[in-house]
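Quick caveat: nothing in here was measured; it's all calculated off a predicted structure.
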Amino acid sequence: MNINQKGCFAEYKFATAAMECGLNVSMPLLDSSKYDCIVEYEGRLSKVQIKNANDRNQSDDKRGIFVSLGNTHTFYEKDYVDVFAIYLFDGFFIIPNKEQRAFRFVKGGKYSNFFNNFATFFN
């Protein structure tokens, strides 16, 4: 798969996993939104930006896996993206947007409580 196909794969995988958790998912028709989908639960809407990190080097060393969200001068503003869903280790890290520029994931690291936490975050 090329990089675009991998991104689309992660988006549909996220939508499927969210629906399996009882969440409603809407996706924009155009590729011009800063978010990839909207998740709705009991009337609350969350704009989600999805990233596929499974193609990166998944070594278990202490440095972990680095996922950039853009260049050093850009970030996803809270007005446009509420949450990130990072597809990695065959699941999703669902992390609120605090206008981060990057993440570093290590198995059992500080983001481990965000792994596949659909019910916790969206409910």
Over all heavy atoms of both residues, which pair between [X] and [Y] is shortest? Give the atoms and the distance, please.
X: E99; Y: E77; value: OE2-CA, 3.6 Å
X: S68; Y: F66; value: CB-CE2, 3.8 Å
X: Y12; Y: M27; value: CE2-SD, 3.9 Å
X: A53; Y: V67; value: CB-CG2, 3.6 Å
X: C37; Y: I50; value: SG-CD1, 4.0 Å
X: D36; Y: E11; value: OD1-OE2, 3.3 Å

Flag yes if more than 12 heavy atoms outside D31 fall under 6.0 Å of its CG atom; otherwise flag no.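 Check fails, neighbour count at 12 or below.
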With rounding to the nearest 0.5 Å, note down the distance linking [atom1] in [X] to [atom2] in [Y].
X: Y41; Y: L23; atom1: OH; atom2: CG; value: 7.5 Å
X: I86; Y: F105; atom1: CD1; atom2: CZ; value: 5.0 Å
X: D82; Y: K47; atom1: CG; atom2: NZ; value: 5.0 Å
X: R101; Y: L69; atom1: CZ; atom2: CG; value: 10.0 Å

Does the side chain of [Y] come within less than 4.5 Å of [X]'s, by heavy atoms?
X: N116; Y: F92; result: yes
X: P96; Y: F114; result: yes
X: Y35; Y: S46; result: no
X: V48; Y: V83; result: yes

What pairs of residues pass the side-chain hydrogen bond (donor to acceptor under 3.5 Å, both in side chains) test when at least one of them lies in residues 13-29, not counting sequence neighbours? N24-E40
Quick check: F118 with F14 (ring centres under 6.0 Å apart)?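 Distance test on ring centres: under 6.0 Å, yes.
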Could you tell me if the ring centre of F103 sits under 6.0 Å from that of F84?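 Yes, the ring centres sit under 6.0 Å apart.
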Under the ring pair (Phe, Tyr, Trp, His ring centres under 6.0 Å) rule, collect the residues that match up with F115, sequence neighbours excluded.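 With neighbours one apart ignored, the set is F93.
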